[in-house]
Amino acid sequence: MKKADIQRFFEILRTENPEPKGELNYTNPYTLLVAVALSAQATDIGVNKATEKLFKIVKTPQDMLKLGEDGLKDHIKTIGLYNTKAKNVMAAAEMLVRDYGGKVPEDRDELVKLPGVGRKTANVVLNIAFGHETIAVDTHLFRVSNRTGLAPGATPEAVEAKLEKVIPPEFRRHAHHWLILHGRYICKARKPSCPVCPVRDVCGFKDKTEY
DNA sequence: CTCCCGATAT
DNA sequence: ATATCAGGAG
């Protein structure tokens with residue numbers, strides 16, 4: 001995508017949604033970390049449904065250890081991949097208490113050491129909980145970046161690197177949320193709403209009228 | 001690359 | 001009936 005079009009792309013998204021917010025519910029850096037870890041291959045709505053009760057009981061990794069793996073499973077059985085997620089969340093809680101004083105580290109290399117936390121989840125926590133200008137490339141950003149021609153890449157890592165190069169500094173802070181929301185409601189995987197897309201004029205997607 | 005894996009949209 | 005959903009680990 002041309003530099004001028006990229007500028008327009010984000011100006012349009014910013015105009016429509018000046019302060020974009022994610023749709024995963026959380027109360028602090030730890031619950032954000034848990035919510036994002038649970039959200040792999042699942043919808044926000046499904047995760048929020050489970051965490052609504054969970055986060056009334058659990059606010060810290062210490063709370064999570066008290067609840068226990070079976071107790072956690074009871075809360076998240078409606079979420080896909082719940083077995084491995086429960087195991088990872090418990091192991092991460094142990095590590096947070098033992099090695100980090102129960103605090104979520106503000107460092108990607110440290111975050112990625114936690115079981116069930118990969119680069120994408122770490123980047124979300126750094127961006128949303130700590131205000132870093134990191135761009136977490138999830139399924140939506142990967143699809144939108146490639147489809148529109150904003151930042152094509154074969155892997156999420158490649159797309160992330162390209163996004164950091166092409167997105168003007170003024171848009172980096174909110175780029176993740178703008179793109180994820182655009183991907184969820186307009187530039188959808190199955191049936192993109194190109195006819196009503198606000199950025200269709202600067203989009204490189206071939207069949208713009210497909211629906 | 002495969003496995004994990006329930007809920008929802010199409 | 002099947003594709004997809006705020007991915008990560010082996």
Side-chain angles (χ1 to χ4, degrees), chain A residues 13 17 20-55 69-70 72-96 104 108-130 132-147 151 153-160 163 173-195 210-211:
Chain A
L13 294 182
N17 195 349
K21 299 270 192 296
E23 296 182 341
L24 275 176
N25 294 336
Y26 64 97
T27 58
N28 60 45
Y30 177 63
T31 53
L32 174 64
L33 177 66
V34 173
V36 176
L38 293 177
S39 71
Q41 300 296 290
T43 60
D44 293 22
I45 300 183
V47 174
N48 287 338
K49 203 171 175 182
T51 57
E52 181 180 4
K53 285 185 172 180
L54 177 64
F55 292 161
E69 188 172 326
D70 290 333
L72 175 57
K73 280 186 186 178
D74 287 337
H75 285 273
I76 67 172
K77 276 204 170 83
T78 53
I79 304 176
L81 318 179
Y82 72 92
N83 230 317
T84 52
K85 286 174 182 174
K87 190 167 313 221
N88 285 332
V89 168
M90 292 308 301
E94 287 183 36
M95 196 176 294
L96 284 170
V104 176
R108 186 167 55 210
D109 290 334
E110 301 300 324
L111 285 167
V112 169
K113 291 178 182 173
L114 299 168
V117 177
R119 188 184 184 86
K120 179 261 171 177
T121 299
N123 281 342
V124 171
V125 171
L126 290 174
N127 183 8
I128 310 307
F130 296 120
H132 293 210
E133 292 186 352
T134 56
I135 301 174
V137 178
D138 61 25
T139 183
H140 295 299
L141 270 79
F142 187 73
R143 179 182 65 256
V144 172
S145 297
N146 276 296
R147 183 187 279 163
T155 66
E157 290 76 13
V159 170
E160 180 186 330
L163 284 171
R173 178 88 44 158
H174 296 304
H176 171 68
H177 277 156
W178 277 320
L179 291 170
I180 201 173
L181 293 171
H182 181 63
R184 180 174 302 151
Y185 297 112
I186 302 293
C187 198
K188 297 173 290 186
R190 284 235 215 166
K191 192 177 148 190
S193 302
C194 301
E210 177 185 3
Y211 74 98

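The structure displayed is predicted, hence computed values, not measured ones. The sequence lines fix the lettering, A, B, ..., with proteins before strands; numbering per chain opens at 1.
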If you only use heavy atoms from C-beta on, which nucleotide in [options] is closest to the side chain of [X]?
X        : options              : result
A:Asn83  : C:dC5, B:dC4, C:dG7  : B:dC4
A:Arg190 : C:dG8, C:dT4, B:dA7  : C:dT4
A:Lys120 : B:dC5, C:dG8, C:dC5  : C:dG8
A:Leu81  : B:dT10, B:dT8, C:dG7 : C:dG7
A:Ala40  : B:dT8, B:dC4, C:dG7  : C:dG7

Checking all strands, does [X] fall into the base, sugar-phosphate, or nothing category for heavy-atom contacts under 4.0 angstrom?
X        : result
A:Val47  : nothing
A:Leu114 : sugar-phosphate
A:Ala189 : sugar-phosphate
A:Lys85  : nothing
A:Gly116 : sugar-phosphate

What integer distance in Å separates [X]:[atom1] from [N]:[atom2]?
X        : N     : atom1 : atom2 : answer
A:Lys191 : B:dT8 : NZ    : C1'   : 15 Å
A:His75  : B:dG6 : NE2   : P     : 18 Å
A:Gln41  : B:dT8 : CD    : C1'   : 14 Å
A:Lys188 : B:dT8 : NZ    : C1'   : 13 Å
A:Ile79  : C:dG8 : CD1   : P     : 15 Å
A:Ile45  : C:dC5 : CD1   : C1'   : 11 Å
A:Asn48  : C:dC5 : CG    : P     : 17 Å
A:Asn88  : C:dG8 : CG    : P     : 10 Å

For this session: Using the P atom on both, measure B:dA7 against C:dG8 and round to a whole Å.
Result: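 Pairwise P distance, B:dA7 against C:dG8, rounds to 22 Å.
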Problem set entry | P atoms of C:dA1 and B:dC4, separation to the nearest Å |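 Approximately 23 Å lies between the P atom of C:dA1 and that of B:dC4.
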Problem set entry | Atom pair NZ (A:Lys120) and CZ (A:Phe142), whose distance is rounded to the nearest 0.5 Å |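 The NZ atom of A:Lys120 sits 14.5 Å away from the CZ atom of A:Phe142.
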Exercise. How many angstroms lie between CG in A:Asn25 and NZ in A:Lys49, if you round to the nearest 0.5 Å?
Worked result: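 One gets 14.0 Å once the value is rounded to the nearest 0.5 Å.
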Exercise. Between A:Ile76 and A:Val89, is any pair of side-chain heavy atoms under 4.5 Å apart?
Worked result: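 Answer no - side chains too far apart.
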For this session: Can you establish whether the number of heavy atoms outside A:Glu52 located under 6.0 Å from its atom CD is more than 12?
Result: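 For A:Glu52, atom CD is not crowded (no more than 12 foreign heavy atoms under 6.0 Å).
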Problem set entry | side-chain N/O A:Thr84 vs C:dA9 OP1/OP2, d < 4.0 Å |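 For A:Thr84, the contact criterion (side-chain N or O under 4.0 Å from OP1 or OP2 of C:dA9) is not met.
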Exercise. Is the distance from OP1 or OP2 of B:dA7 to the nearest side-chain N or O of A:Thr78 less than 4.0 Å?
Worked result: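 The answer is no; no side-chain N or O of A:Thr78 sits under 4.0 Å from OP1 or OP2.
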Exercise. A:Thr121 side chain to A:Ala37 main-chain N or O, any donor-acceptor pair under 3.5 Å?
Worked result: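 Judged by distance alone, no pair lies under 3.5 Å.
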Problem set entry | Residue met sooner reading DNA chain C from 5', once A:Ile180 and A:Val117 are mapped to nucleotides |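 Of the two residues, A:Ile180 wins.
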Exercise. DNA chain B: A:Tyr82 or A:Lys49, which has the more 5' nearest nucleotide?
Worked result: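 By nearest-heavy-atom nucleotide position, the 5'-most residue is A:Tyr82.
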Problem set entry | Which atom of A:Val47 lies closest to which atom of A:Ile79, heavy atoms considered |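 Here A:Val47 and A:Ile79 meet closest at CA-CD1, 4.0 Å.
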